[in-house]
Amino acid sequence: MSEPDAPSPEIDDRWLEQSRKTVARTELAPRTRSVGRVVEIADGIARVSGLPDVRLNELLHFPNNRTGFALTLDADAVSVVLLEEGTDIEAGTPVTGTGEVIRVPVGSSLLGRVVDPLGRPLDEGEPIVAEETVPVERPAPAIIERDLVSEQVATGTLVVDALFSIGRGQRELIIGDRATGKTSLAVDAIINQKRSDIISVYVAVGQRATAVERAIAAIREHGAPERCIFVVASAAEAPGLQWLAPFAGFSIAEYFRDKGQDALIVIDDLTKHAATHRELALLTREPPGREAYPGDIFYVHARMLERAGKLSPELGGGSLTALPIAETDAGNLSAYIPTNLISITDGQIVLDSRLFASNQRPAVDVGLSVSRVGGKAQAPSLRAVSGRLRLDYSQFLELEMFTRFGGMSDTRVKGQITRGERIRALLIQPRFASLRLVDQVALLAALADGVFDALPVETLAALRPRLASHLDQTATDAVSAITPDGTLDDSVRQRLVAAVKALADELAASAKTPQPAGDAP
Ligand code: ATP
Ligand code: MG
């Protein structure tokens with residue numbers, strides 16, 4: 001509004017009136033940015049007073065570019081988890097709030113990279129130029145924003161895909177004792193995504209640096225690392241970073257989900273994350289509950305895993321599948337953290353140390369494992385040939401126990417045992433030997449038709465590495481007829497079984513004929 005040079009008395013009044021209103025609306029209270037002070041500091045946790053407006057998970061600044069986040073809010077002070085180790089913070093150090101919860105850069109520029117939970121590169125690459133930054137804690141999609149889980153995540157591991165099929169958007173826990181192949185199973189699932197369009201995020205929490213390096217190297221060598229992101233907070237990092245890692249991983253993976261893509265997140269592992277949470281909570285003097293974990297550990301993991309899911313078509317139809325890993329102690333599934341995680345997730349794949357020791361690898365306990373969602377999402381062709389597998393196998397395991405003590409030699413039982421031994425051999429799968437959908441369908445169809453029953457069990461191990469190329473050469477059109485959403489045609493099935501039979505017979509025959517000794521005539 002331009003001011004008239006010589007205001008008439010009438011205009012002057014209106015102008016005055018306007019000005020009065022403007023002044024009345026103007027907030028004259030001084031705008032302050034509160035600066036708190038460190039009251040005490042120990043073990044990477046600072047108690048800070050004088051920040052009355054601080055929010056949970058708010059990023060706080062200390063001098064010298066040091067940062068931390070608010071973990072617990074009490075009436076008189078805030079407990080702040082420091083994100084870097086150091087000795088320059090002491091009682092009296094000023095702390096400023098940012099009014100912002102902690103954020104992580106997300107976007108396609110992270111693909112192929114190894115980053116820490118704040119998005120800082122840990123590989124030799126250039127700094128990350130993020131498309132945007134998002135809070136590490138974000139609300140999970142509401143029920144109405146979700147769709148049914150209807151497509152399979154092919155892990156390439158026969159026992160998982162056939163018996164405990166995982167759907168896109170599902171949360172499936174991988175749980176077992178130390179060194180039972182948990183990481184291997186998850187890493188193999190990521191590797192198999194070289195055959196799909198799924199983006200994978202591997203989050204390492206509290207792992208030994210060598211184990212993390214091994215996992216990353218395996219994915220780089222065998223998988224499609226350009227479609228993977230590695231978020232690493234190894235055991236040597238500050239507990240605050242380890243605590244943040246899975247949340248940051250989810251935010252990074254959600255970027256792809258929200259763009260309508262499919263993403264897969266592996267968290268290795270949530271037992272270590274729970275231990276970090278317990279450590280931080282005890283240091284902030286939260287009262288300990290069961291097994292000394294603070295009462296909110298269930299809520300921490302539930303709200304994290306709730307972020308996985310399949311979005312409705314209106315929201316782009318993207319999905320985020322979560323494979324959290326948990327470690328058990330002496331197979332004790334009823335400990336606090338395992339029971340929590342089992343009740344949060346949509347199923348669990350239980351790895352058993354005795355099976356692992358008896359060379360049944362992957363050491364999946366078929367009786368204790370379950371997938372509560374993915375069965376409906378299984379590829380129809382695979383479902384057509386795997387229907388009876390679990391029942392046959394469980395019956396065999398029981399029969400085997402009985403027959404071990406002698407007796408029971410009727411032919412039906414013998415037949416069940418012969419079949420069961422072949423199922424067991426079929427479910428053994430070395431690492432980095434993922435099977436395509438068509439390989440899985442062909443093997444299970446041949447099994448159901450009794451192709452392997454007359455052959456020695458050892459034939460199956462020899463068959464697997466040669467199967468893919470054999471099918472490609474001798475049953476080319478049957479191979480291309482098997483698609484993730486297509487059904488299994490009878491003629492296709494017959495051709496696949498015939499091809500497997502030809503290869504199996506060939507292997508059995510060559511095993512029987514004595515190898516010529518030496519190459520002398
Ligand atoms: P940790 O508790 O230390 O994290 P983990 O349960 O993640 O262990 P892995 O590190 O994945 O177990 O595997 C332990 C060992 O078992 C590794 O040496 C791995 O190579 C081997 N292993 C895992 N799966 C298989 C398999 N299918 N076939 C053969 N060896 C396997
Ligand atoms: Mg591991």
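Residues: numbered from 1 along the sequence shown. Note that ligands are numbered from 1 as they come in the structure, with each ligand's atoms numbered from 1 the same way.
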In the protein, what heavy atom is nearest to atom 25 (C) of ligand 1, and what distance, to one decimal place, separates them? R431 CG, 3.4 Å
Pairing donors with acceptors under 3.5 angstrom, does anything connect the side chains of R307 and S251? yes
For P362, the atoms of ligand 1 under 4.0 Å from one of its heavy atoms are 27 (N)
Per the side chain to side chain donor-acceptor pair (under 3.5 Å) rule, which among N192, D161, T155 passes with S434? N192
Considering only protein heavy atoms, which is closest to atom 3 (O) of ligand 1, and at what distance to one decimal place? R178 NH2, 3.2 Å
Ion pair R168/D197, N-O distance below 4.0 Å: yes
For ligand 1, which atoms, with element, lie under 4.0 Å from some heavy atom of T183? 4 (O), 5 (P), 7 (O), 11 (O)
Among E327, K182, Q207, the residue with a heavy atom nearest to atom 6 (O) of ligand 1 is K182
T183 N/O/S atom closer than 2.8 Å to the Mg ion (ligand 2): yes
Enclosure of N332 CG (heavy-atom neighbours >12, cutoff 6.0 Å): yes
Would you mind listing which atoms of ligand 1 come within a distance below 4.0 Å of any non-hydrogen atom of Q429? 26 (C), 27 (N), 28 (N)
Regarding atom 19 (C) of ligand 1: of the candidates A211, A179, S184, which has the closest heavy atom? S184
Give the numbers and elements of all ligand 1 atoms closer than 4.0 Å to a heavy atom of F356. 15 (C), 16 (O), 21 (C)
Answer yes or no: is there an ion pair linking E506 with R466, defined by an N-O contact shorter than 4.0 Å? yes
Looking at the rings of H301 and H277, which for Trp means the six-membered one, are their centres under 6.0 Å apart? no
Is the Lys NZ or Arg CZ of R361 less than 6.0 Å from the centre of F356's six-membered ring, within 45° of the axis? yes
Does any N/O atom on G181 come nearer than 3.5 Å to any N/O atom on ligand 1? yes
